[in-house]
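Small disclaimer: the values here were computed from a predicted structure and weren't measured. First the proteins, then the strands, lettered A, B, ... as listed; each starts at 1.
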Amino acid sequence: MDYNFKEIEENWQKIWDKEGFFRVDSGSSKPKFYLLEMFPYPSGKIHMGHVRNYTIGDVFARYKIMQGFNVMHPMGFDAFGQPAENAAIKNKADPRIWTLKCIEDMRAELKKMGFSYDWKREVSTCLPDYYKWNQWIFLKMFERGLAYKRSANVNWCPDCQTTLANEEVIDGNCWRCKKEVIQKELEQWFLKITDYKQRLLEDLDKLIYWPERVVTMQKNWLGKSEGVEIYFKFKDSAKTISVFTTRVDTIFGATYVVLAPEHPLLKDIIKGKPQEKQVLEFIKQAGKKTKIVRTSADVKKEGIFSGAFAINPVNNEEIPIWVADYVLMEYGSGAIMAVPAHDQRDFLFAKEHKLAIKIVIQEAGKNQKAEDLSQAYEGDGKQVNSAQFDGLSNQEAKIKIAQWMEETSIGKRREHWRLRDWLISRQRFWGTPIPVIYCKKCGIVPVPEDDLPVELPKKAPFTGTGGSPLAKVESFVNVACPNPKCKSPARRETDTMATFFDSSWYFLRYCSPDSKGAIFNKEDADYWMPVDQYIGGIEHAVLHLLYSRFFTKFLNDLGLINFDEPFQKLLTQGMVLKDGEVMSKSRGNIVDPDGMIKEFGADALRLYILFAAPPEDQMEWSQQGVTGADRFLKRVQRFLEKVLLIQEKASELVNAAGSDNEKILKRKTEQTIKKVTEDIEAFKFNTAIASIMELVNEFYRLSEKIENYTFLEKVVRKVILLLSPFAPHIAEEMWERLGNSESILKAKWPGFDPELIKEDSINYVIQINGKVRSKVQVPSDISEEELKKTVLEDDKTKAWIAGKEVKKFIVVAGRLVNIVI
RNA sequence: GGGCGAGUGGUGGAAUGGUAUACACGUUGGACUUAAAAUCCAAUGGUCGCAAGGCCGUAAGGGUUCGACUCCCUUCUCGCCCACCA
């Protein structure tokens with residue numbers, strides 16, 4: 001009696017949609033719950049990663065609905081980006097039409113999974129209704145100096161013909177096309193996220209329900225380090241250079257200084273030196289190298305003596321200034337002090353170029369000599385060769401030296417951050433136009449708020465070469481200066497925004513997606529926000545999640561919202577693998593969810609993907625696993641039919657209430673309700689499903705021996721309720737079959753009776769010296785004395801301890817006893 | 001190089017310091033069937049043994065404990081993130 005999942009699933013999806021079960025509004029007396037999954041890029045097809053992400057979310061949404069929460073569960077599309085533009089170039093298609101078609105296809109696929117979305121709240125970032133507010137946020141940032149333009153050496157992908165954020169450069173390659181990234185000097189728009197670094201760091205402490213791992217990754221990304229900025233004078237020049245160090249305790253061991261080839265003072269200090277020509281050549285060569293070559297750790301450290309000397313301010317020693325390409329201009333001041341005795345990288349460089357090595361920290365109990373060192377000593381110890389600081393522990397010296405340096409103005413305590421400002425300019429068509437105009441007389445003029453949105457032109461030449469198609473649309477580019485007193489001919493900015501901008505606040509738009517006069521309706525945002533549970537991939541641990549936190553703080557500063565962290569709880573789901581590798585188009589190991597739905601139905605697919613692994617772990621795809629889930633659903637359905645069959649005969653049956661088997665099944669049912677409830681709360685869906693399976697198995701074993709229809713029917717009802725978040729369509733069908741006229745979504749999540757869970761008797765394990773030797777069945781309310789007596793009377797136990805002295809008798813209540821002999 | 005995490009049957013995976021391998025897949029056997037599929041039932045870590053049962057077993061080695069997959073130390077392997085970061 002195979003169930004017709006296709007018919008069932010279509011039918012219930014239609015009913016949910018028609019009855020508007022998932023449509024919610026903010027005027028409810030129920031407690032609110034905002035459940036959000038990361039919205040997809042509309043590629044046209046959902047993949048298993050989406051199925052996994054959204055199924056995890058859907059189970060929780062349905063569970064919360066049944067618990068009586070007012071659950072907002074929205075879905076939308078992160079619809080700007082390069083694939084649409086690439087498709088436009090390749091197929092001469094309009095990226096707008098291409099994207100909207102993809103959205104339509106994807107929405108249909110998502111609906112086939114039976115997800116509980118409030119589709120009335122759907123948001124697409126590529127629609128002017130939405131990106132108008134991107135522009136609005138940009139203008140607000142511009143007003144406050146948080147959006148600014150400057151020339152910068154930027155990461156440039158020659159293949160995509162665009163700039164990339166630091167975050168988008170992975171191992172020196174473009175995150176999207178994987179091609180090598182080069183450096184290019186361009187005028188670019190930046191967001192001053194660094195103004196928020198302190199708050200972004202401090203508020204990580206508020207995120208107690210985020211995975212530790214994500215918090216750590218963000219901490220590392222912000223990269224706060226504390227140290228001292230030290231000023232070095234030149235031997236024959238009035239200028240000074242500053243270096244930053246976290247190890248000021250090693251300052252007396254600084255034997256040379258290294259500058260980055262791009263250091264602005266370098267050309268000055270080599271002027272007239274015999275080395276000048278060689279150094280200039282070195283600078284030229286370094287400029288040619290790509291960042292990948294310069295930053296790969298195993299490349300030999302190239303360097304050259306500049307001919308100039310610096311004065312170590314702590315002891316007035318003259319130390320040579322070197323130039324090396326391993327020092328980066330972008331980090332710190334582009335200059336470092338080198339302490340070869342206590343920094344391994346400096347040590348290797350000093351050995352290579354025969355530079356002095358001076359020990360200033362001795363490891364406890366050792367008396368190392370510089371010439372004997374085979375590697376740098378980076379650990380703690382006592383100061384030596386450090387003038388008045390000799391004899392202090394280096395940790396103490398760190399503080400004292402810093403203080404002394406501040407008093408004598410040779411240095412200053414400083415903190416240093418790794419976080420850079422966020423580059424948002426893209427030389428692309430398919431994104432939000434940056435709303436500024438360049439006027440020869442007025443300079444950079446923001447587009448007046450009333451003129452928003454700046455819409456993308458309907459047509460543009462997509463050639464794939466020579467930069468942005470937007471720049472070639474005359475009607476877009478040529479405008480009058482918005483300054484009413486000027487109005488002279490001006491040019492529009494043709495850069496568009498990085499798509500991470502779009503996704504940094506979409507969760508707010510869901511609260512009032514149709515809001516016309518404002519970015520969102522404040523009352524709605526106050527009601528729904530913050531997001532109670534956010535679910536998405538770990539790959540967004542830094543980028544999207546950091547940017548969203550930044551935007552939230554900014555909007556909070558504008559007074560638009562009254563909270564400053566957007567996501568209360570975060571779950572990062574693991575990746576879907578096939579044959580041990582990440583499922584991806586480029587690897588060609590994709591399993592199409594749509595095919596699975598056709599073959600097994602959405603319920604079986606959902607059940608399998610949750611059962612195969614805990615949500616946070618990676619999961620290995622297995623076709624046989626889906627078969628297993630399908631088999632289980634059929635088994636549940638047969639069990640329903642079996643009960644209904646008993647019902648037909650029920651009138652003939654004697655009500656055999658209270659039999660032992662009934663008691664056992666009753667207890668198992670209550671235990672399962674407890675277990676499933678706790679497991680869902682903890683996102684342990686795999687074990688939740690396993691325990692439902694156990695209950696069903698127990699039912700099969702015992703139902704033959706139970707003729708109490710009323711009781712069996714109750715068990716069935718509970719199993720269906722427990723199963724409904726996981727396999728909602730078949731649950732609805734069976735629920736109706738049981739004679740319920742209302743959707744199972746209107747039913748209450750079952751509770752359990754703690755009294756009924758308790759076992760009458762307990763199987764005590766008897767260990768002897770920690771090894772399991774026997775078991776005894778005893779009443780659960782047995783006293784320790786009684787238990788001891790029973791155990792010692794057990795035959796096997798007697799045999800094991802015969803002739804031995806019992807040294808200890810350990811009782812672990814409800815579990816085991818351990819006899820030490 | 002740094003940080004985080006993980007290593008359990010043939011496979012995916014269970015186990016508040018307390019019966020290691022729940023649940024499922026696969027495999028094998030049985031029932032049903034003319035037959036097959038489906039279904040239902042049973043077995044299934046290794047090893048020795050006719051059996052009762054013993055011994056070994058959670059990457060390797062050590063430690064703490066009456067008792068360790070779980071805690072601590074050392075080593076190995078894999079994954080992810082960061083990385084000439086001063």
*State plainly whether the residues Arg701(A) and Glu698(A) are in salt-bridge range, i.e. N to O under 4.0 Å.*
yes
*The side chain of Thr687(A) lies closest to which of these nucleotides: C82(B), C84(B), A14(B)?*
A14(B)
*Distance-only donor-acceptor test, Lys775(A) side-chain atoms vs U19(B) base atoms, 3.5 Å*: yes
*Please state how far atom CH2 in Trp221(A) lies from atom P in G3(B), giving the value in whole angstrom units.*
19 Å
*Under a 4.0 Å N-O cut-off, is there an ion pair linking Glu670(A) with Lys674(A)?*
no
*Scan Tyr700(A) against the nucleic acid and name what it touches under 4.0 Å (heavy atoms): base, sugar-phosphate only, or nothing.*
sugar-phosphate
_Salt bridge flag under 4.0 Å for residues Lys634(A) and Asp630(A)_ = yes
*Between Gln777(A) (side chain) and Ile762(A) (backbone), is there a donor-acceptor pair under 3.5 Å?*
no
*Kindly point out which of U19(B), A15(B), C40(B) is positioned nearest to the side chain of Val765(A)?*
U19(B)
*Using whole Å, report how far CZ of Arg414(A) lies from P of A86(B).*
13 Å
*Report the base-pairing partner of A6(B) (Watson-Crick or G-U wobble, both distances below 3.5 angstrom), or none.*
U77(B)
*Provide, to the nearest angstrom, the distance between the NZ atom belonging to Lys675(A) and the C1' atom belonging to C23(B).*
10 Å
*Nearest-angstrom distance, P atom, U58(B) to A20(B)*: 12 Å
_Please report the distance separating the C1' of C23(B) from the corresponding atom of G62(B), rounded so that it comes out in whole Å._
35 Å
_Whether Tyr377(A) side chain and Asp343(A) backbone form a donor-acceptor pair below 3.5 Å_ = no
*A68(B) P sits how many Å from Leu816(A) CG, rounded?*
12 Å
*Would you confirm whether Arg213(A), through its side chain, and Trp210(A), through its main-chain N or O, come within 3.5 Å as a donor-acceptor pair?*
no
_Separation of atom CH2 in Trp322(A) from atom C1' in A86(B), rounded to whole Å_ = 18 Å
_Does atom NZ (Lys224(A)) have a neighbourhood of more than 12 heavy atoms from anything else shown, all under 6.0 Å?_
yes
*Decide, yes or no, whether a salt bridge links Lys796(A) with Asp794(A) under the criterion of side-chain N to carboxylate O below 4.0 Å.*
no
*Using the C1' atoms only, state how far U19(B) lies from G45(B), rounded to an integer number of Å.*
16 Å
*asked:* As a test of reading the structure: which of A15(B), U19(B), A83(B) is closest to the side chain of Arg418(A), going by heavy atoms?
replied: A83(B)
*Between G1(B) and U8(B) - C1' atom distance, rounded Å*: 31 Å
_Options U16(B), G67(B), C80(B), nucleotide nearest the side-chain atoms of Asn818(A)_ = G67(B)
*Hunt down the Watson-Crick or G-U wobble partner of C66(B), both distances under 3.5 Å, from any strand shown, or write none.*
G18(B)
*asked:* So if I take every side-chain heavy atom of Ala613(A) and compare against C84(B), G13(B), G18(B), which nucleotide ends up nearest?
replied: G13(B)
*With both distances kept under 3.5 Å, what pairs with G1(B), Watson-Crick or G-U wobble?*
C82(B)
*How many Å lie between CD1 on Ile609(A) and P on C23(B), as a whole number?*
23 Å
*asked:* Need the pair for C40(B). Rule: Watson-Crick or G-U wobble, both distances under 3.5 Å, any strand; none if unpaired.
replied: G30(B)
*Quote, to the nearest angstrom, the P distance that separates G18(B) from C25(B).*
29 Å
*P atom, A59(B) versus A68(B): distance in rounded Å?*
15 Å
_Flag, side chain of Arg418(A) to backbone of Leu222(A), donor-acceptor distance under 3.5 Å_ = no
*Nearest to the side chain of Arg815(A) - G18(B), G3(B), A86(B)?*
G18(B)
*Select base, sugar-phosphate, or nothing to describe what Arg213(A) touches, counting heavy atoms under 4.0 Å on all strands.*
sugar-phosphate
*Could you let me know what C55(B) is paired to, Watson-Crick or G-U wobble, both distances under 3.5 Å, or none if it's on its own?*
G46(B)
Please write out the pairs of protein N or O atoms and N or O atoms of nucleotides 24-28 of chain B separated by less than 3.5 Å, giving the distance to one decimal.
unit_1 : atom_1 : unit_2    : atom_2 : d
A24(B) : OP1    : Asn697(A) : ND2    : 3.0
C25(B) : OP1    : Arg631(A) : NH1    : 2.8
C25(B) : O2'    : Gln624(A) : OE1    : 3.2
G26(B) : OP2    : Arg631(A) : NH1    : 3.4

*Look through every strand shown and name the nucleotide pairing with C23(B) as Watson-Crick or G-U wobble, where both distances are under 3.5 Å.*
G12(B)
*Please work out if Asn686(A) contacts a base, only the sugar-phosphate, or nothing of the nucleic acid, heavy-atom cut-off 4.0 Å.*
sugar-phosphate
*Rounded to the Å, how far apart are Arg52(A) CZ and G12(B) P?*
14 Å
*Name the nucleic acid region contacted by Lys684(A), choosing base, sugar-phosphate or nothing; use a 4.0 angstrom heavy-atom cut-off, strictly under.*
sugar-phosphate
*Heavy atoms under 4.0 Å is the rule here; annotate nucleotides 49-56 of chain B 5' to 3' with B where the base is hit, S where only the sugar-phosphate is, and - elsewhere.*
----SSSS
*How far does the P atom of A35(B) sit from the matching atom of C50(B), given to the nearest Å?*
37 Å
*Separation of the C1' atoms in G12(B) and A6(B), to the nearest angstrom*: 16 Å
*If each of Ile810(A) and Ala690(A) is mapped to the nucleotide of RNA chain B with the nearest heavy atom, which maps nearer the 5' terminus, i.e. the 5' end?*
Ala690(A)
*asked:* Over all strands shown, is Glu212(A) touching base, sugar-phosphate only, or nothing at heavy-atom distances under 4.0 angstrom?
replied: nothing
_I want to know whether Phe282(A) and Trp322(A) have ring centres closer than 6.0 Å._
no
*Near RNA chain B, which residues from residues 244-259 of chain A have a heavy atom under 4.0 Å away?*
Phe244(A), Thr245(A), Thr246(A)
*Between the side chain of Asn818(A) and the main-chain N/O of Gly770(A), is any donor-acceptor distance below 3.5 Å?*
yes
*Any donor and acceptor pair, going by atom type alone, linking the side chain of Tyr608(A) with main-chain N or O of Ser622(A) inside 3.5 Å?*
yes
_Arg414(A) with Glu226(A): basic N within carboxylate O range, under 4.0 Å_ = no
*Starting from C1' on U19(B), measure out to CD1 on Ile768(A) and report it in whole angstrom.*
14 Å
*Got more than 12 heavy atoms from elsewhere within 6.0 Å of CD, Gln623(A)?*
yes
*Would you mind calling G9(B) syn or anti? Take O4'-C1'-N9-C4 for purines or O4'-C1'-N1-C2 for pyrimidines, and syn is within 90° of 0.*
syn
_Basic-acidic side-chain contact under 4.0 Å: Lys668(A), Glu694(A)_ = yes
